[in-house]
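One structure is given here, and the rest of the page talks about it.
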Amino acid sequence: MTSPVRVAVTGAAGSIGYSLLFRIASGEMLGPDTPVILHLIEIPQAVDKVEGVVMELNDCAFPLLKDVVVTDDPMVGFDGVNIAILVGGRPRGPGMVRADLIKANGPIFTGMGEAINAKAADDIRVVVVANPCNTNALITAANAPDVPNERFTALTRLDQNRARHQLANKAGVSVNDVTNMGIWGNHSNTMYPDFFGAKIGGKAVSEVITDHEWLKGDFISTVQGRGKAIIGARGASSAASAANAAIEHVRDWFTETPEGDWVSMAIPSGAYGIEEGLVFSYPVRCDGKGNYEIVEGLELNDFAKAKIDLTKQQLLEERELVKELL
Ligand code: LMR
C-alpha cells in the first residue's frame with residue numbers, strides 16, 4: 001500500500017459528485033493499492049447535503065477510504081491535495097449553450113486557482129469538468145501562477161467515449177475495437193471528433209464504415225450535440241457519464257497509454273498550429289507517471305483543419321469574454 005492520495009472534488013453534493021465519489025473511494029480511479037482521502041468542497045448551503053453523502057461513504061466501509069474532509073472554504077479544501085476534480089458550477093439547462101455559463105461560472109475559477117496555488121501539494125493535477133470546461137481550466141491555471149501550466153486539464157474524455165460508442169454502434173463492433181479516438185478543441189458544439197485518425201480493429205474508420213456522409217455529418221453532429229440531447233431527454237445535464245469520464249481521465253493520466261493508441265485531454269495549447277494561451281483538446285499519450293505528451297505527426301486533411309480552426313476561433317472568443325479573469 002502506498003500513502004494516501006488526497007483527492008479534492010468541488011460541487012461534491014451535486015449529481016456528478018454523487019456518481020463520482022463512491023467510485024473514487026472504491027479504488028476505481030487510482031487502483032486497488034492506493035488509499036485515498038477525499039476533500040469535499042461545496043458552497044455553504046450544500047455542506048449539510050455533503051455530510052449526508054459522507055454518511056453513505058462511511059456506510060460503504062471502503063477499505064481504501066482513509067478520511068474525508070468537508071468544507072466550504074477552498075483554502076481548507078485544497079490543502080495538501082494531489083488531484084483536484086473541479087465539478088462545482090452552474091450546470092447547463094434547456095435552451096442554453098455551454099458558453100452561456102461563462103459569466104456565471106468563470107469567476108468561481110479564479111478562487112479555485114488561487115486556493116490551488118496557495119495550498120495544493122507540489123504534484124497537484126487538475127481536471128475541470130464544469131462548463132465551459134476548457135475556458136474554466138484556463139482561468140484556474142491563470143490564477144495559479146506557481147503551478148506548472150501542464151497540470152491544468154479539462155474533460156473531453158466524455159466526447160471520446162461518446163464518439164467511440166457511435167462508431168462501434170454504426171460498425172456493429174465492440175467499443176473495445178474502436179481506438180485512437182482523438183477529440184480536438186473545445187468541449188462544445190464545435191469540437192472535432194477526428195474519425196480520420198481513429199481506427200476500428202486496427203483499420204482506418206473510413207475503410208470499415210463506408211458511409212462517409214454519415215461520418216462527416218451525423219457522426220460529428222451527434223457527438224457535438226450529445227450533451228444537449230441528454231439535457232433535452234433527462235431535463236438535466238449528463239451526470240453518471242460525466243463522472244465516468246472524469247474517473248477515466250484521471251486514471252489514464254497515471255496509466256501508460258497502450259502502444260499505438262491515444263486518449264483525448266484538453267490541455268494547454270501550442271501544437272498543430274494552435275497558438276499558446278488556450279486549453280485545447282488534443283490526442284495525447286500518457287507515460288504512467290502523471291505526464292502526457294501530444295501525439296505528434298498526425299496528418300490533418302483540409303476537412304479536419306477547417307473544423308479545428310472553427311473550434312479554435314470559439315475558444316478565442318470565450319477567452320476574450322473572460323479576459324479580466326486571466
Ligand atoms: C455534457 O457534455 O453532457 C456536459 O458537458 C453537459 C452539457 O452542458 O452539455
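Ligands are counted one by one from 1 in listed order, and the atoms in each one are counted from 1 as well. Treat the numbers as computed from the prediction; the structure is a model and nothing was measured.
- Ring geometry for F303 against F196 counts as perpendicular: the plane angle is over 60°, on a 0 to 90° scale with 30° as the lower cut.
- Across all non-hydrogen atoms, the minimal contact from I85 to A246 is CG2-CB, 4.3 Å.
- The two atoms that bring V127 and A154 nearest to each other are CG2-C, 4.2 Å, heavy atoms only.
- In terms of the side chain to side chain contact (heavy atoms under 4.5 Å, CB included) criterion, residue partners of A144 (sequence neighbours excluded) are, by chain and number, N117, V147, F152.
- Annotation: E150, atom CD; neighbour count of heavy atoms from other residues, nucleotides and ligands within 6.0 Å is above 12.
- Contact residues for ligand 1 (protein heavy atom closer than 4.0 angstrom to any ligand atom): R92, R98, N131, L158, R162, H187, G227, I231, S237, S238.
- Taking the six-membered ring where tryptophan is involved, the planes of W184 and Y282 are perpendicular, since the angle between them exceeds 60° and thus also 30°.
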